[in-house]
Peer 1: 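One structure coming up, written as structure tokens, with questions to follow.
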Amino acid sequence: TYNVNMASNELNLDTAVLRDNVVSIAKRLGYKAGSYTSSKIKINLEVTGVSTYDTVRVLPGTVLSCSNNNKNFTFILRDKLEILPRGKNTIIFENVEVIEGSEFAITYTVDESNEHQRFFVPNSFIDAETIRVFVISDPLNTKEIEYTRQKTIAGVSNSDTVFYVEEVQDQKYEIVFGDDVIGRRVKNGEVVKIQYVITNGSLANAIDDFTMIGKVKGVASGGAEVTIPFSNIDFTLVDTESTGGSEFESIRDIKYRAPR
């Protein structure tokens, strides 16, 4: 009787106590529970002595380092930035948003003979909003097709390259593709690459002292890249401090928000 009572409680949002069950019920109501989120900050990046370069680019990866409460943090840039100096000696990358964390990737090869194959992100400390998915259709072709994340099926055709993100067991996340009715189904032998950011959540909030460690490259007319020294790079904070980092949405908050 006790076991039946406990199992019955887990079927209802008001009485469930296990997060997996609370999240599952919330999904049926169309509500997605919040994941960890990365702290963010915007900067202006000024680079001097670039008149001889055709292009100046900031490479993806770690841009800023800092510490807070005896813990070190890194803030990363996820996309390459480029500016054409056009003879100017000084250029400015404005409102560059960097996020706290470290970027990782995992790959899967689609196996249609395995009807239970699923595509998981193997870490629970990720910012789910940072997930990106690429699919390589031809093993001999290294060109990656980036899929578009969707939060609804509205307007999605059977050939659209889209994916969905769902929280599953143990606070992990699963990538869900289409079925050739709602979005394109990934085919046998295709390679799925999932990129994501692992973050420290709110621990990296309220930081206002950073050190520049990112790489800025100057590209000469012949295509040769030169690393621009840090003495030619200066950055200023657009925001007063880093903000936006948070932990998993609590069970209590899910229960309150999902029905509403």
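We count residues from 1, following the sequence as given.
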Peer 1: Any donor-acceptor pair under 3.5 Å linking the side chain of Ser242 with the backbone of Ala204?
Peer 2: yes

Peer 1: Could you tell me if the side chain of Gln150 sits less than 4.5 Å from the side chain of Phe163, heavy atoms only?
Peer 2: no

Peer 1: Could you please spell out the steps behind the ring-ring contact (aromatic ring centres under 6.0 Å, His included) verdict for Tyr164 and Phe177?
Peer 2: CA-CA 6 Å; Tyr164 300 87; Phe177 293 98; 9.5 Å; no

Peer 1: Charged N to carboxylate O below 4.0 Å: is that the case for Asp79 and Arg132?
Peer 2: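 So Asp79 pairs with Arg132 through a salt bridge.
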
Peer 1: If you define the side chain from C-beta out and look only at heavy atoms, does anything of Thr243 sit under 4.5 Å from Lys40?
Peer 2: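 When only atoms from C-beta onward are counted, Lys40 and Thr243 do not touch, as no gap falls below 4.5 Å.
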
Peer 1: Could you pull out the closest heavy-atom pair between Leu59 and Leu77, with the gap in Å?
Peer 2: O-CD2, 3.9 Å

Peer 1: I'd like to know if Val186 and Ile145 are part of one continuous hydrophobic network [Ile/Leu/Val/Met/Phe/Trp/Tyr, side-chain heavy atoms within less than 4.5 Å].
Peer 2: yes

Peer 1: Working to the nearest 0.5 angstrom, can you tell me the gap between Leu203 CG and Ser246 OG?
Peer 2: 11.0 Å

Peer 1: I'd like to know if Glu100 pairs up with Lys71 as an ion pair, taking the criterion as any Lys NZ or Arg NE/NH1/NH2 lying under 4.0 Å from an Asp or Glu carboxylate oxygen.
Peer 2: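 A salt bridge is absent here (no side-chain N lies under 4.0 Å from a carboxylate O).
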
Peer 1: Asp180 and Lys187: salt bridge (Lys or Arg N to Asp or Glu O under 4.0 Å), yes or no, with the steps?
Peer 2: CA-CA 10 Å; Asp180 285 339; Lys187 303 299 190 291; 3.7 Å; yes

Peer 1: Using the rule given for side-chain hydrogen bond (donor to acceptor under 3.5 Å, both in side chains), can you reason through Ser39 versus Asn205, listing the C-alpha separation, both sets of side-chain angles and the distance that settles it, and then say yes or no?
Peer 2: CA-CA 6 Å; Ser39 185; Asn205 285 340; 3.0 Å; yes

Peer 1: How long is the span from the OG atom in Ser24 to the CD atom in Gln169, to the nearest 0.5 Å?
Peer 2: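 Output value for this atom pair is 9.0 Å.
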
Peer 1: Would a 4.5 Å heavy-atom cut-off, applied to side chains only, mark Val56 and Val219 as touching?
Peer 2: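 The answer is no; the side chains never approach within 4.5 Å.
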
Peer 1: Under 4.0 Å between a side-chain nitrogen and a carboxylate oxygen: does that hold for Arg257 and Glu249?
Peer 2: yes

Peer 1: What do the steps show when you test Leu13 against Leu29 for side chain to side chain contact (heavy atoms under 4.5 Å, CB included), and what is the final call?
Peer 2: CA-CA 10 Å; Leu13 185 63; Leu29 298 174; 4.1 Å; yes

Peer 1: Flag yes if Val47 and Ile92 sit in one hydrophobic cluster, no otherwise; membership is Ile, Leu, Val, Met, Phe, Trp, Tyr, and two members link when side-chain heavy atoms are under 4.5 Å apart.
Peer 2: no

Peer 1: What I'd like to find out is whether the side chain of Asp127 reaches to under 4.5 Å of the side chain of Ile99, using heavy atoms alone.
Peer 2: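 Side chain of Asp127 against side chain of Ile99, heavy atoms only: no contact under 4.5 Å found.
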
Peer 1: Determine whether Asn5 and Ser8 satisfy the following criterion, side-chain hydrogen bond (donor to acceptor under 3.5 Å, both in side chains), listing intermediate values before the conclusion.
Peer 2: CA-CA 5 Å; Asn5 177 65; Ser8 300; over 6 Å; no

Peer 1: Under 3.5 Å, side chain of Arg184 to main-chain N/O of Ser159, donor-acceptor pair present?
Peer 2: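 Between the backbone of Ser159 and the side chain of Arg184 there is no qualifying donor-acceptor contact (under 3.5 Å).
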
Peer 1: Check Thr74, Ile43, Ile213 against Leu64 for a side-chain contact (heavy atoms from CB on, under 4.5 Å) and give me the one that passes.
Peer 2: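 One option only clears the test, and that one is Ile43.
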
Peer 1: Charged N to carboxylate O under 4.0 angstrom, Arg118 versus Glu166?
Peer 2: no

Peer 1: On the ring face of Tyr256, is Arg260 found with NZ or CZ under 6.0 Å from the centre and within 45° of the axis?
Peer 2: yes

Peer 1: Heavy-atom distance under 4.5 Å between the side chains of Cys66 and Thr211, does that happen here?
Peer 2: no

Peer 1: Between the side chain of Thr15 and the main-chain N/O of Asn9, is any donor-acceptor distance below 3.5 Å?
Peer 2: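 Judged by distance alone, yes, a pair lies under 3.5 Å.
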
Peer 1: Kindly list each side-chain donor-acceptor pair under 3.5 angstrom involving residues 102-113, sequence neighbours excluded, with atom names and distances?
Peer 2:
from   : atom 1 : to     : atom 2 : distance (Å)
Glu103 : OE2    : Arg78  : NE     : 2.9
Glu103 : OE2    : Arg78  : NH2    : 2.5
Tyr108 : OH     : Phe120 : N      : 3.2
Tyr108 : OH     : Phe120 : O      : 2.7
Asp111 : OD1    : Ser113 : N      : 3.1
Asp111 : OD1    : Ser113 : OG     : 2.5
Asp111 : OD2    : Ser113 : OG     : 3.2
Glu112 : OE2    : Asn188 : N      : 3.1

Peer 1: If hydrophobic clusters are built by linking Ile, Leu, Val, Met, Phe, Trp and Tyr wherever their side-chain heavy atoms come under 4.5 Å apart, do Val165 and Phe248 end up in the same one?
Peer 2: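 In one cluster with Val165: Phe248, yes.
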
Peer 1: State, with a plain yes or no, whether a side-chain heavy atom of Thr37 is found less than 4.5 Å away from one of Thr199.
Peer 2: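 Answer no - side chains too far apart.
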
Peer 1: Go through the steps to decide whether Ser124 and Asp170 satisfy the test side chain to side chain contact (heavy atoms under 4.5 Å, CB included), and finish with yes or no.
Peer 2: CA-CA 8 Å; Ser124 58; Asp170 302 322; over 6 Å; no

Peer 1: Salt bridge between Asp20 and Lys172, side-chain N to carboxylate O under 4.0 Å?
Peer 2: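 Between Lys172 and Asp20 there is no salt bridge, as every charged N stays at least 4.0 Å from the carboxylate O atoms.
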
Peer 1: So does Asn95 get a backbone contact from the side chain of Asn44, meaning a donor-acceptor N/O pair under 3.5 Å?
Peer 2: yes

Peer 1: Nearest heavy-atom pair of Ala33 and Val23: which atoms, and what distance?
Peer 2: CB-CG2, 4.2 Å

Peer 1: Step through it carefully: locate the ring centre of Tyr147, locate the ring centre of Phe134, and say whether they are under 6.0 Å apart.
Peer 2: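 Judged by ring-centre distance (under 6.0 Å), Tyr147 and Phe134 do not meet the cut-off.
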
Peer 1: Taking atom OG of Ser67 and atom CG of Asp209, what is their separation to the nearest 0.5 Å?
Peer 2: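 If we round to the nearest 0.5 Å, Ser67:OG and Asp209:CG are 7.5 Å apart.
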
Peer 1: Please find the pair of heavy atoms, one from Pro85 and one from Asp54, that lie closest to each other, and give the distance.
Peer 2: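 Answer, listing the atom of Pro85 first, then Asp54: CD-O, 3.2 Å.
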
Peer 1: Please tell me if the side chains of Val216 and Thr227 come closer than 4.5 Å, counting only heavy atoms from C-beta onward.
Peer 2: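 No - every pair of side-chain heavy atoms lies 4.5 Å or more apart.
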
Peer 1: Suppose we call two aromatic rings close when their centres sit under 6.0 Å apart. Are Tyr196 and Tyr173 close by that rule?
Peer 2: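 Centroid separation for Tyr196 and Tyr173: 6.0 Å or greater.
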
Peer 1: Counting C-beta onward and ignoring hydrogens, is there a side-chain heavy-atom pair between Val226 and Tyr53 closer than 4.5 Å?
Peer 2: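 Yes. Closest side-chain heavy atoms under 4.5 Å.
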
